[in-house]
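Every chain is numbered from 1, with letters handed out A, B, ... down the list of sequences. For clarity, every value in this text was computed on a predicted model and none was experimentally measured.
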Amino acid sequence: MTDIPTAAAGPDAVTDPAIDAELAAEAALIERHAHPTDGTYMVVGLVLAVLTAIEVGLYYIKGGALTTVTLLLFMALKFAIVAGFFMHLRFDSPLLRRVFIMGIAFAVVLYTLVLLMFGVLHF
Amino acid sequence: MAHLLPAPGPETPMGAHHQPDSHHATATGVSNEKLAMWGFLASECLLFGALISTYLLYRHKAVSGPTPRDLYDIRFTSVSSFVLLMSSLAMVLALAAIQRGDERRLRVWLSTTALLGSVFIAGQIYEFTSFIRRGMTIKTNVTSGAFYVLTGFHGVHVTLGIIMLLSLVNLSVRGRIPQARSEVVEIAGLYWHFVDIVWVVIFTVVYLIP
Amino acid sequence: MALTAAPADTAVARRTDPSRLLKRPSESRQGLVSWLTTIDHKRIGVLYGVTAFTFFLIGGIEALLIRLQLAAPNGKILTAQIYNQVYTMHGTTMVFLVIMPMSAAFFNYLVPLQIGARDVAFPRLNAFSYWLFLLGGLFLYSSFLFGGMPNGGWFGYAPNTSMTYSPGHNIDFWIFGLLILGISSTIGSANLIVTILNLRAPGMRLLRMPIFSWMTMIASFLLLFSLPIITVALFLIMFDRQWGTHFFDPLAGGDPVLWQHLFWLFGHPEVYILILPAMGMVSEILPVFSRKPLFGYPVMVFSGIAIAFMGFGVWVHHMFAVGLGPVATSAFSVTTTLIAVPTGVKIFNWLGTMWGGSLRFKTPMLFAIGFVVMFTIGGLSGVTHALVPADRQQTDTYYVVAHFHYVLFGGAMLGIFGGIYYWYPKIFGKMLDDRLGKWHFWVTLVGFNLTFGPFHLLGLQGMPRRIYTYPAHMGWNVWNAVSTFGSFVIAAGTLIFLWNVRRTDQHGEAVGPDPWDARTLEWTTPNPTPEYNFLHVPTVHSLDELWHRKYTEDDNGRLVKVADSAQFVERRATADDHIHLPSPSYWPLVAAFGLPIICYGLVYKLYAVSVVGLLVLLFGLYAWGLEPSTQPPEPGDEGDGHGPVGELGAPEAPAELGDAAEPAGIGVGASGGGDPALPGGDVLGDTRADGIGDTTISVEDPDD
C-alpha cells in the first residue's frame, strides 16, 4: 500500500532538482545506517547452517529428554539469530522488538497453559 | 497565558510530489509500514502457535493409520530446511544490495530467494505426495490432519511470499524500486524471514523432537 | 537518478498499469460514487455507524422474536430449529455486527481528530476494512436465502457444529462469515495501532492522549492478538466439516475441548474488546458534564492495560463445568477474581470524577451514568461467576445471560448511545433533541432492567440457557412474561431514538463546533469537519488540551475562562494552504468483493467460483498496490487553476463535465509548529506513504 512513484507522473516529477536532491539525501541516510556487511550476513548464514547440521545429528542420537531440551535451545537460538540479524531487530527501534516479543510471549504462555491442561506437557 | 493559545505554525515545505517513504516524520521514528508489518507478524505468532499446539496435542492420539513419524525422511526435510534458511540469506543480501543502490543485484538476489523458496515448496509437495501414496492423507487420523494443516498453512504463506518477491522483481525491472524506496524490500523481507522462522520452529517441534 | 524511466516505458507503463483500469473518481464529495470510493476516516466512521445501527435493529428484532417465543410456556411462535437460528444470529449479530463495528465507527471518526492527525495511517486499508465488514455481514445473513442461518450458538461448540450434528450449510456460513469479519477487524486494528503510535500531533505524548484513544489502542492490541486464535479454530472446524478431518471427533482421537479452549482464548479478550471502547467514551463524557478532569487519568490508562493483559489469563472461567480438574479451575478462579480489581478501580475513578463536580444532566451524561450503574451490576454478577462452586450452579443458566446482558447492553450499548448523543453534533453538525434523548434513556433503562433483571432470578431458579420453550410447571412463567414486556419497552425506547434522529435531521438547528464546552481536540474543528480535519496541525501542551486553552484556574482553584473555543476554530482552507490529502479509490471495494466470492465457492465446493474470487481479490490488491496513494496531476494538465480544497458536503464545480482539470492544493502540507522535543516534529503525515500527497480535484484525463 505504499506510495509507489508512477513513472507517468509527468515531466515535473522526473526532472525536478528539488526532488532529486531529496532522494539523494534519503539514499545517503540509508547507506549511513548501521548495517551489517554482506560478509557478516554470510557468516550468520553459515552459523545457521552449522546449527541445523548439529540439530539433525542430534536427531539420530536419540537421547531422550536432553535431546529435546537441546533441540529447543537450538531452535530458540536460530529464531533469535534470524530475527536479530536478518530482520534487523537488534539494530532497530526497541518498539519493534517489544511488539514482536509481546506476540511471542503471549503465544508461548497461552499455548503452554492449554497444553498443560490437556496433560500434554508434564513436569 | 499566551503560550496556551495555539501558535499558527510556520509552514514547513516538504517535497512537492511524493515523499521518500523510508524516512518518516512519525511520532515513534519508525515508518508506518514497518510498524504495521511487525504488528502483523506478532499476530501471526498467535496463529502459528495455535496450529503448532494442535499438532502437539494430537501427536500421539492417532487411532489408526500411519502418522508423520512413521513416514518422515529426515534427511530430505533437512535439506529442505537448509534451502529455506539460505533463502533468508539471499533475501537479506537483496536488501543490502538495494540499500547500496545496486538495483541489478537486488533483482538477482530477490530471484534467488524466490527460486530457493520454490525449491522448498517443491520439496513439500514431493514430501506430501509421497505421504499420500503411502496412505497418510489429511483425514487418515488426527495427527496427520494436524500435520497437514500446520505445514499447509506454512506452505501457503511461503507461496504468497514468493508471489510478493516476484512482484518486487517485476517492479524493479520497471524502475520503480530505486535506492530511496528500499523499505518496501525490507518489509517484504521481514515477512519472508518470519515465514522462515516459523519453519525453524516447525522443523524442530514436528520433525526432530522425539 | 534511478527514478528516471525511459520515455518509451512511460507510455507502456501507463497503458499496462492495471490501476488505471478504473478511473480514479473525481474529488466531488457527493453521490454514491463518492461514498463507494471514500478513504476519509470520517466518512468511513459514518458508514460503520449506520451499518452497525441497522444490524442493531435486526438483532433487536431477533431478540423480540426470542422473547415472544419465551413469553409463555410451551410457546408456539418459533419451532426449535428456527429458534436455534434466531438466538444464534442474535448473539452473532450483536457481538460482531453491532458492538464491534459501532466501536469501530467511533474509532474511525474520532481517533485522528483526537490525536491531531489528518487521517489514519492507511486510509485505503481503512476503507477495505469497512467493505469487508459490510460484505461479511451480508454474507452471514445471505444464509437466510440459502437454506438456513447459523444455528450453533454464537460460540459454535463442537461437536454440535460438526457435519454429523449440523448437516446443511448453516454453520459453513457462520464459519466463513466470521473469517471475513476477522480479517476486517485484524486489518483495522493494525491500522489504528500504527495511527495512534505514529501520527500523534507534536507535543501529544502518550500520557497526554485522550482516554478514548487510549482505550482504542488497547482494544486494537487485544484484537490483533486474539483474532488469530479464533481464526485457527474456525479453520479446524471448517476442515472437519469440508474435508473429513477429525479435530473435534472423540472417536478418532480428537477433542471437543480444544474448540472451547481456542474459542474462549479469543472469546474472553473479545469481551474486553467490546467494553473498553465504551469505557473510553464514558471516560470522555463524565468529565465534560462534571466540568472536572477525569479522576486519576494515568490510573485509568494503566487499569485499561492491566485489564487487557489479565483478560488473556481468565478464559477457562467459561469452562468451569467442563471437568478440567481442580488445579486449572482454581487457578482461573483466582485470576478471574483478580481482574475485578482494575475494573473496580475504573468505577471508583468515574465516581471520583463526578464527586464535587458541577454536574449537567444532559442525555450523554445520563447514558454515561447509566453505564456506570448497569455495568457495576453486571460486574458484580461476574464476580459471583468467578467463584467456582457458585458458577457450577450458574453456568448454562439464565443467570449468565443476565450477567452478560448487563455488561454488554447496560454497559457497552448504553455507553455507545452516550457516545452517539455526545458526538452527534460534531459528526452531523446538529444536536439531537435533549428532551427526546432523556425519554429514550429512561424508557430504555426501565425496559432493560425489566427484561434482564428477572434473568438473575430465573437462572437461580434453574432455567437453562438456549432452550426454545419450557413447561408450565417450572415456576418460570411470571418472570418470563415480565421480561418479554420489558423487551418491548426497549423497542419503544429505540423508536424514540429513531424519531429523534429523524426530527433532528429535518428540523434540527446547526450548532457550533464546541456545543458541550468540551476538553479534547476534536471539538476545535469547524462544523462540519472539513476533509483535512485541521487547518494547522495543533501543537499539544497538556492532557485535555482544549480545556486548558479555554480555562485556567485562579488562586482559589476556580475556573477562569480565558478564551472561547471559537477562537481555535480556524477558517476553511483555500488552495494557498497547501494541504495534501490521499485520493479516493475503487480498489478497496473491488478487492473486498473477492472474499465473499471465495467463501461462497468454498461453502458449496464449487472451487471454480473460489478461484474467480481469488483472482478478483488479487487483481484488486495488485491494482491498489500500483496506484499512488494520491493521484498526481495528469500529464498535460497545467497546475494553474486552483480550486478550493474539497470539503465534506460542499458541492464542487463538477469536473466530470470535462472541464480542464483543476489540480488543487498543490504544494506542501502544513504543520502547526513542531515541538522540538519530540522526534519527528512535523507529524502532519506528509511523509506517510499512504497518507499524503497532492490533492487533485479532477482526474478526468483529457487524453483518453
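Heavy atoms from other residues, nucleotides or ligands lying under 6.0 Å from OH of B/Y126 number 12 at most. No more than 12 heavy atoms of other residues, nucleotides or ligands lie within 6.0 Å of CZ in B/R104, so this atom counts as exposed by the packing criterion. Environment of CZ in B/F128: crowded, with over 12 heavy atoms of neighbouring residues, nucleotides or ligands closer than 6.0 Å. Enclosure of atom CZ in B/R75 is not indicated, since only 12 or fewer non-hydrogen atoms of other residues, nucleotides or ligands lie within 6.0 angstrom.
Counting only heavy atoms from C-beta outward, the side chains of A/F74 and B/T204 never approach each other to under 4.5 Å. At a threshold of 4.5 Å between non-hydrogen side-chain atoms, the residues B/W38 and A/L95 do not count as touching. Side-chain atoms of B/L85 and A/K78, non-hydrogen and from C-beta on, do get closer than 4.5 Å to each other.
Residue B/S53 touches chain A through both its backbone and its side chain, counting heavy-atom pairs closer than 4.5 Å. Heavy-atom distances place no part of A/A65 under 4.5 Å from chain B, backbone and side chain included. Neither the backbone nor the side chain of B/F48 comes within less than 4.5 Å of any heavy atom in chain A. Both the backbone and the side chain of B/A50 come within contact range of chain A, with heavy atoms under 4.5 Å apart. Of the atoms belonging to A/L58, not a single heavy atom falls under 4.5 Å from chain B. Residue contact with chain B, scored on non-hydrogen atoms closer than 4.5 Å, is absent for A/M102.
Judged by distance alone, the side chain of A/Y111 and the main-chain N or O of B/L46 form a donor-acceptor pair under 3.5 Å.
Between the CG atom of A/L48 and the OG atom of B/S81 there is a distance of 12.0 Å, given to the nearest 0.5 Å. A/I104 CD1 to B/E44 CD: the interatomic distance, rounded to the nearest 0.5 Å, is 13.0 Å. Taking CG of B/L93 as the reference point, atom CE of A/M42 lies at 5.0 Å (rounded to 0.5 Å). The distance from atom CE of B/M37 to atom CZ of A/F100, rounded to the nearest 0.5 Å, is 11.5 Å. Here B/I74 contributes atom CD1 and A/Y59 contributes atom OH; the two are 4.0 Å apart, rounded to the nearest 0.5 Å. Once rounded to the nearest 0.5 Å, the distance linking OG1 of A/T52 with CG of B/L208 reads 9.5 Å.
Interface summary for chain B: among A/L110, A/L96, A/I81, A/V82, the most heavy-atom pairs under 4.5 angstrom belong to A/L96. Comparing B/L41, B/L47, B/V201 by heavy-atom pairs within less than 4.5 Å of chain A, the highest count is held by B/V201. Chosen from A/T67, A/V114, A/V44, A/V56, the residue pairing most often with chain B at heavy-atom distances under 4.5 Å is A/V56. For chain A, the option among B/K34, B/M86, B/M91 with the highest count of heavy-atom pairs below 4.5 Å is B/K34. Ranking B/G189, B/A97, B/G39, B/C45 against chain A, the residue ahead of the rest is B/C45, based on heavy-atom pairs under 4.5 Å.
Between A/D38 and B/R105 there is no salt bridge, since no side-chain N of the basic residue sits under 4.0 Å from a carboxylate O of the acidic one.
Nearest heavy atoms, A/M75 versus B/V200: O-CG1, 3.8 Å. Residue B/A42 comes nearest to A/V99 through the heavy atom pair CB-O, 3.5 Å, listed as atom of the first residue, atom of the second, then distance.
Classified by interplanar angle (parallel below 30°, tilted 30° to 60°, perpendicular above 60°), the ring pair A/F86/B/H193 is tilted.
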